[in-house]
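Keep in mind that what you see is a predicted model, and the values were worked out from it rather than measured. Start at 1 and go down the list; that is how both ligands and their atoms are numbered.
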Amino acid sequence: MIFSKHMRNKKTIIISNRLPVRVERRDGDLHFIPSEGGLATGLGSIYQQEGNIWVGWPGFVPESEQEERLTREKLAELNLVPVFLTEEELQGYYEGFSNEVLWPIFHYRLSYAVYNTENWHVYQQVNKKFAEVINRQDPDEKDEVWIHDYQLMLLPQLVREDHPTIAIGYFQHIPFPPDEVFRCIPWRDELIKGLLGADLIAFHTYNDTQHFLNACTHLLGLPIQNNCLLVDGRSVYAEVYPMGIDFDKFSDLAKSTSIQQRAQEIKQYYRNRKFILCIDRLDYSKGIIERLQAYESLLQEHPELREQVVLYQLVVPSRDTVPQYRLLRDEIDRAVGHINSVYGVNEWQPIAYYYNSYPLEELSALYVAADICLVTSIRDGMNLVCKEYVASKVESNGVLVLSELAGASKELLEAIQVNPNSIDQIRQALKQAIEMPEHEQQRRMQDSIEIVRKFNVRHWVKIFFNRLHEIKTLQKQEMAR
Ligand code: GDG
């Protein structure tokens, strides 16, 4: 049905750096591969509704106009709108500025930041390019826009300039650092002003939200009342919305016969030794080296545990064109090689290490098989892996050892929490987890399961949009006064 502009239904526009479908060129053909990520599942029910769309980069650079047209047409059938980026734009905006300035600074790694004015300009240009693509969708003032993450910090204000009263939400999936850390970025004021185009700016944790509010008041001197900032006469709210996962997907998979069988195979392959699972994207924020050191110290201090445990480390390839990531990969290779060669014997290797990406079913079987899930992020916005582990423990067994510096630690209070910078604490937590009696495991896990079940990704989407609508109504009432 075609609506004239004034009688058209309200449209929801979701925007993120990546689309929930990835395009790949293989054997001369284009393949469209859906993402299994949490965001894609959570927002699936929204963007797939008629009239709604998701705007983002499709994950490849077309080689011809024909390829571009084909991609556009195919994606349009899925309610997806591509923003095509050149190799130079990807280099400057994504790898250069997003991953070499924003990612390290927002994860408190000041010394890893590489400030390059040219990359900043490309970041600005690409944010404008996203705004142009949104404008081509002919948004209406009654529509709503939800922008995701740090690659698009300037976009809320760019959309606001063209659509003064449209509802704009922004969610940041990574931490927001204290204002004195954020201050290090030469373009910090522009970044905050970019975000302030939104009506609702949301983070995983209370601390991230407070850090953002402090940056607004300390750097820009904005008037503030509780969590509400006054920006050119408009009320802008900063709030906490901890992201959940698709609980049912992980729980149902874990209950299925095929996954249960696969989990048994995995356990048997590792001779029913205590199975410690670690799953991370290759990233220095995940504390992979620190965890390997702690595991070595466990084997050193408790020789009786040798041959009784296995640490299964899956590292998913990521950003390996950025120098810091390549170095980290080499460092992990060396640490794993060292531990396996020093402590391993013919019948037993202390670490099973894979640098790979697995299908969801294999991930699920690993979660089911694992006696312990070990998350030692040095900083993490939330960390979904630990929630997926909890959702997969359908028999309420298993122990979660969780970094207190991951956002999830604010919710999963029954996990054994550790400071990831302390090798001693991680070692002691592992020992405690290995020895934890069944009844204690059950009690703690049941509590965590309830939290992950209740605050799932659909709940997260629902309360975010409810609040955005509420804020729009409040703003209208204020203007009418
Ligand atoms: C950012 C923030 C925040 C991993 N290996 C495979 C695979 N995965 C999936 C996991 C999980 C996801 O990747 C990783 O999510 P995390 O939350 O742990 O980490 P980031 O990628 O850094 O995500 C983070 C998140 O955004 C959401 O706001 O929690 O703090 O850094 O879902 O299952 N999936 C498949 N194969 C693998 O080998 N299929």
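Classification of the Phe84-Phe60 ring pair by plane angle, with boundaries at 30° and 60°, yields perpendicular. Classification of the Phe464-Tyr241 ring pair by plane angle, with boundaries at 30° and 60°, yields perpendicular.
Of the charged side-chain nitrogens involved, at least one lies within less than 4.0 Å of a carboxylate oxygen, so that Glu89 and Lys129 count as a salt-bridged pair. The pair Lys267-Asp371 counts as a salt bridge, with a side-chain nitrogen and a carboxylate oxygen less than 4.0 angstrom apart.
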- Begin from the C-alpha positions of Asp280 and Gln313 and carry the test side chain to side chain donor-acceptor pair (under 3.5 Å) through to its verdict. CA-CA 8 Å; Asp280 313 85; Gln313 174 69 66; 2.9 Å; yes
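Counting heavy atoms from C-beta outward, Val418 and Leu402 have side chains that stay 4.5 Å or more apart.
Nearest protein neighbour of atom 19 (O) of ligand 1, counting heavy atoms only, is Lys286 NZ, 3.1 Å. If you check which protein heavy atom lies closest to atom 29 (O) of ligand 1, you get Asn383 N, 2.9 Å. Nearest protein neighbour of atom 8 (N) of ligand 1, counting heavy atoms only, is Leu363 CD2, 4.0 Å. The nearest protein atom to atom 22 (O) of ligand 1, hydrogens excluded, is given as Arg281 NH2, 2.8 Å; this is a heavy-atom distance. Nearest protein heavy-atom contact of atom 15 (O) of ligand 1 is Leu384 CB, 4.0 Å.
At distances below 3.5 Å, not a single donor-acceptor pair connects side-chain atoms of Asn419 with backbone N or O atoms of Gln425.
Considering all non-hydrogen atoms of both residues, Ser285 and His107 come closest at CB-CD2, 3.6 Å.
Under the side-chain contact (heavy atoms from CB on, under 4.5 Å) criterion, Gln442 pairs with Ser396, Glu438, Gln446, sequence neighbours left out.
Nearest-residue assignment for atom 30 (O) of ligand 1 (options Val385, Val316, Asp380; heavy-atom criterion): Asp380. Here the shortest heavy-atom distance to atom 35 (C) of ligand 1, taken over Phe106, Trp460, Tyr367, Tyr358, belongs to Tyr358.
The residue Asp280 has no part lying near ligand 1, judged by heavy-atom distances below 4.0 Å. Residue-level proximity to ligand 1 for His204 is carried by the side chain, the only part with a heavy atom below 4.0 angstrom. Contact annotation: for His173 versus ligand 1, heavy atoms closer than 4.0 Å belong to both the backbone and the side chain. Within the 4.0 Å heavy-atom criterion, the part of Met243 lying near ligand 1 is the side chain and not the backbone. Proximity of Phe250 to ligand 1, defined as any heavy-atom pair under 4.0 Å, is not found for any part of the residue.
Stacking of Arg188 on the aromatic ring of Phe182 is not recorded, the 6.0 Å distance cut-off and the 45° axial limit not both being met. Arg467 forms a cation-pi arrangement with Tyr237, by the criterion of a distance under 6.0 Å to the ring centre and an angle within 45° of the ring axis. Under the 6.0 Å distance and 45° angle rule, Arg319 counts as a cation-pi partner of Trp103.
For Phe171, no nitrogen or oxygen atom sits less than 3.5 Å from a nitrogen or oxygen atom of ligand 1, counting backbone and side chain alike. At least one N/O-N/O distance between Glu388 and ligand 1 falls below 3.5 Å.
Near Leu314, meaning under 4.0 Å from one of its heavy atoms, ligand 1 places the atoms 38 (O). Atom numbering of ligand 1 starts at 1 in the shown order; those under 4.0 Å from a heavy atom of Gly381 are 30 (O). Residue Trp103 approaches ligand 1 through these ligand atoms, each under 4.0 Å from one of its heavy atoms: 31 (O). Heavy-atom proximity to Ser357, at under 4.0 Å, picks out these atoms of ligand 1: 36 (N), 37 (C), 38 (O). The atoms of ligand 1 that sit less than 4.0 Å from any heavy atom of Ile279 are 4 (C), 5 (N).
Contact between Glu362 and ligand 1 is absent, with no heavy atom of the residue lying under 4.0 Å from the ligand.
For the side chain to side chain donor-acceptor pair (under 3.5 Å) criterion with Thr376, the lone passing option out of Lys286, Arg291, Glu290 is Arg291.
Using a 4.0 Å threshold on non-hydrogen atoms, atom 38 (O) of ligand 1 counts as touching the protein. Under the 4.0 Å distance rule, the nearest protein heavy atom to atom 2 (C) of ligand 1 falls inside the cut-off.
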